[in-house]
Amino acid sequence: MASFDFKTIEKKWQDIWQEQALGHVNNENNKKPKYYALVEFPYPSGDGLHVGHMRAFCGLEVLTRMKRLQGFDVLFPIGWDAFGLPTENFALKTKQHPRVVTDQNIANFLRQIKSAGFLFDYGRQVDTTQADYYKWTQWIFVQMFEKGLAYKSNTTVNFCESCKVVLANEDCQGGKCDRCGSITVQKEKQVWFLKIRNYAEKLLQGLEQLDCNSRIKQEQINWIGKSEGLQLDFSVLGNKFAVYTTRPDTIFGVTFCVLAPEHPLVQTLKQYASNIKEIEEYIKQCKLKTEFERISGTQVKTGVVLQGIKAVNLITNQQVPIVVADYVMMSYGTGAIMGVPAHDKRDWDFAKAYNLECVQVVDGDGVDLSQAAFDDIENGIIINSNFLNGMTVENAKKAVIDFAVSNNIGFAKVDYKLKDWAFNRQRYWGEPIPIVECPKCGHVALPIQQLPLKLPYIDDIIPPEDGQSPLAKLHEWVNTTCPKCGGKAKRETDTMPQWAGSSWYFLRYMSPNCDKSLVDSQAYDKWGQVDWYNGGMEHVTRHLIYSRFYNLFLHEIGVVKYAEPYAKRTAQGLILGEDGEKMSKSRGNVVSPDSIIAQYGADVLRLFVMFIGDYEKPAPWSSSSIVGCVRFVSRVYALKDKLGSGSISINATIAGVTQDIENLKYNTAISKLMTLVNEAYQSGITKIQYCDLLKLLYPFAPHITEELWQICGCDGQLSNTEWPQPNHGESISNMIDIPVQINGKVRGRVSVEIGSTQTQVRAKVMASTLSSQLTSIKKEIFVIDKIINFIV
RNA sequence: GCCCGAGUGGCGAAAUGGCAGACGCACAGGACUUAAAAUCCUGAGGAGGCAACUCCGUGCCGGUUCGAGUCCGGCCUCGGGCACCA
């Protein structure tokens, strides 16, 4: 299809770049300014890369190709996030060892990435499954353990019965397993947690430093879920229980209290209730429900009143009924709430269903208790509330908190939805947790001399039915000695979640072979923060939060200088299948880069994934539109025989393309180059201009531009030249066409000198044919170099 | 329910409040060719007119402005995130 042999050309330049180690950067050179560009390292699955990966990588590939020509010392690394369930499941299915599968997949990914001509620093590849890498993943865990940030606790956790693993909150959003999609259940288990919650506020504050779009910021803010309110005691039968509320101003509207079915106090209180059987039956029913049913069920509220028992509102001294209802979760707040049906939709639903009283305490415009009782009237005035009457909501909140504090029955509390990170998986293909359990000393971390704790190479990796890790079957490995007392002890047999290795990999790239520490301090001094991190939107509430948490911790213990790991974060849009649906094997709409490269070449693929649409928005693949890029490359190639004199200007293109690449506007950068080429066919192009064109196109289509640079007999190699500056060797036109409007509508245009005054432009207009329409001018609007508008 | 995005030709899409539809696909016409493909050139939002030109047009309804795809208010639709979070 193309007029040249792109296969030979692309192979030739890829070999040259590899031989020259063009993507290689060293830590010693400090003459040039540094630039650290990072793409999310891929999970090397058996399916290979799809064109979506290409788009994800290509954005920063284009940027870094430009940055190198601009004189930056560019770090642009790649690696492999290779532990995890998909590989393990694939290995089980095909009866291979995950190590073998992983190595095959990495080799295949590497082949694909190189065939696209990506200029990564291949000498810095990291692989999270290699012992010299996970040594430091384990080391970080040990540091957290020593600082009390890793703890084992017997709690209710999300569990996927199909994958046989405990899942973090982040891994089962919406009550479904992130890996297999089956509905998760709640199970009692011994689970390791990381206290990421301790960092909730820092994770929130750190977002202010992060340069990213509002969506990326907002999703993290929502996930952290900060709320400010009051934790307040109620009393019942000589006991106290605390509720958490963000609306203390509505305290006089409390008509009942709700305890979660799992609330420990329920076990005590039910003894005193006249309907103990009914309560026990209700709790039993709740346990049968899955988290999924509880959250997304019918939204019909169920519950049971503790008959004969009243709670005392310690602020109002009113007595209110207590109910047990599963619309209150044990896992948030205190597991107990005060019910204010007049000002909370859920309480309203429940009160209506159970005929509970409803008292309005905030007066607002148009409040209709029978219909919109649950509307929050944040700007209303407090009524029916004794000492709060007449206050604004804000003042009443403060007054109630003050009252609670001075009477020692409550305190202002900040709460977060973010939960501690459930950190172990009962599967083989992950980092072993470097902890032994000693009957005398309890949990003991392995000292650094014993790291890495290597993952035993075993053939039987089938997860046992008892919910244990396959490692539990290795008695020789499990039975060990306590590093502290030397007595008999057992190893922890669970492994870490896939997110562990990816939480700090950006640091390892700086000094991938350092065996003294996880990152060499001189290397860190050079590279510091990641300047620009691009990845998927789907990782914003997980990997991004996790890795920021890790970095905050490493900052705290003095390993890294910056609290925040990334200065700037962007997210590419998905490439959808040609049918407009998300690409997936089951839909059969996956496009492989291999076939596109074979048919059109890497340059065309790169151009097309950059041209397909707004980089941050999803775009459907189109097998017909790609020929536009094929033609474009061919036209650039054919132009080499048409060099001579020309009247085009390339200055605007140089400035525009440079700006567009820095602003994620790859599609318009390419369209500007296309426009320039079209003009060159019309008006001719000089060799100097053509060489600038090659430079501007080089980040997108490096192979063919290198070739053309050579064909044209230019000095050296294109990849070693400098990025073009506007105005060099070219006279700039000082004329500009500005539109002439009459009554706000464009009626013509005049050519004027840049910077012409209103008088000068008016004179031009009056000298044109438009003057006949301008007999009675009432008003004139003039914007320099932009427009002149006459109101007649 | 709450929080973000987004709605522009047949399609993918462009437009610091200043020529709407750049660029590309598909389409039509022409050149080249014995012919086709490829390539090159031209055309093209809709309606009307031989034409110069006129009117209408960026999801809907209002508003601000000399001027609105863009800003403001109110809706509708689609996509994404969170979610009995108290």
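Labels below follow one simple rule: chain letters A, B, ... track the order of the sequence lines, proteins then strands, and each chain is numbered from 1. Note that this is a predicted model, so its numbers are computed, not measured.
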Next item on the list: Can you run through RNA chain B from 5' to 3' and write each base as (, ), [, ], | or . depending on how it pairs? Watson-Crick or G-U wobble, both distances under 3.5 Å.
Entry: (((((((..(((.....[....))).(((((.......))))).((((....))))..(((((..]....))))))))))))....

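- Residues satisfying the side chain to side chain donor-acceptor pair (under 3.5 Å) test with A:Q758, not counting sequence neighbours, are A:E780.
- A:E228 is not listed as a side-chain neighbour of A:K413, based on a closest heavy-atom distance of 4.5 Å or more.
- When the P atom of B:A83 is taken as reference, atom NZ of A:K345 falls 19 Å away, rounded to whole Å.
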Please write out each protein N/O paired with an N/O of nucleotides 5-11 of chain B under 3.5 Å, distance rounded to 0.1 Å.
none

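- Here, B:G9 and B:G21 have their P atoms 14 Å apart, quoted to the whole Å.
- Looking at heavy atoms from C-beta onward, A:I787 lies out of side-chain contact with A:I738 at the 4.5 angstrom threshold.
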Collect all protein-nucleotide pairs involving nucleotides 52-57 of chain B in which both atoms are nitrogen or oxygen and the distance is under 3.5 Å.
unit_1 : atom_1 : unit_2 : atom_2 : d
B:C56  : OP2    : A:K745 : NZ     : 3.4

At a cut-off of 3.5 Å, list every protein nitrogen or oxygen paired with a nitrogen or oxygen from nucleotides 44-47 of chain B, distance to 0.1 Å.
none

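- Rounded to whole Å, atom P of B:A13 lies 9 Å from atom CD1 of A:I612.
- For the C1' atoms, the distance from B:C2 to B:A83 is 8 Å, rounded to whole Å.
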Name the atoms and distances for all side-chain donor-acceptor pairs under 3.5 Å in residues 574-581 of chain A, with sequence neighbours left out.
unit_1 : atom_1 : unit_2 : atom_2 : d
A:E578 : OE1    : A:S623 : OG     : 3.3
A:E578 : OE2    : A:S623 : N      : 2.8
A:E578 : OE2    : A:S623 : OG     : 2.9
A:D579 : OD1    : A:E581 : N      : 3.0
A:D579 : OD1    : A:N589 : ND2    : 3.0
A:D579 : OD2    : A:N589 : ND2    : 3.4

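- Straight-line distance between the C1' atoms of B:U70 and B:G81: roughly 26 Å, to the nearest whole Å.
- Put simply, the side chain of A:Q741 and the base of B:G18 share a donor and an acceptor less than 3.5 Å apart.
- Relative orientation of the A:F256 and A:F350 rings is tilted, given thresholds of 30° and 60° on the angle between their planes.
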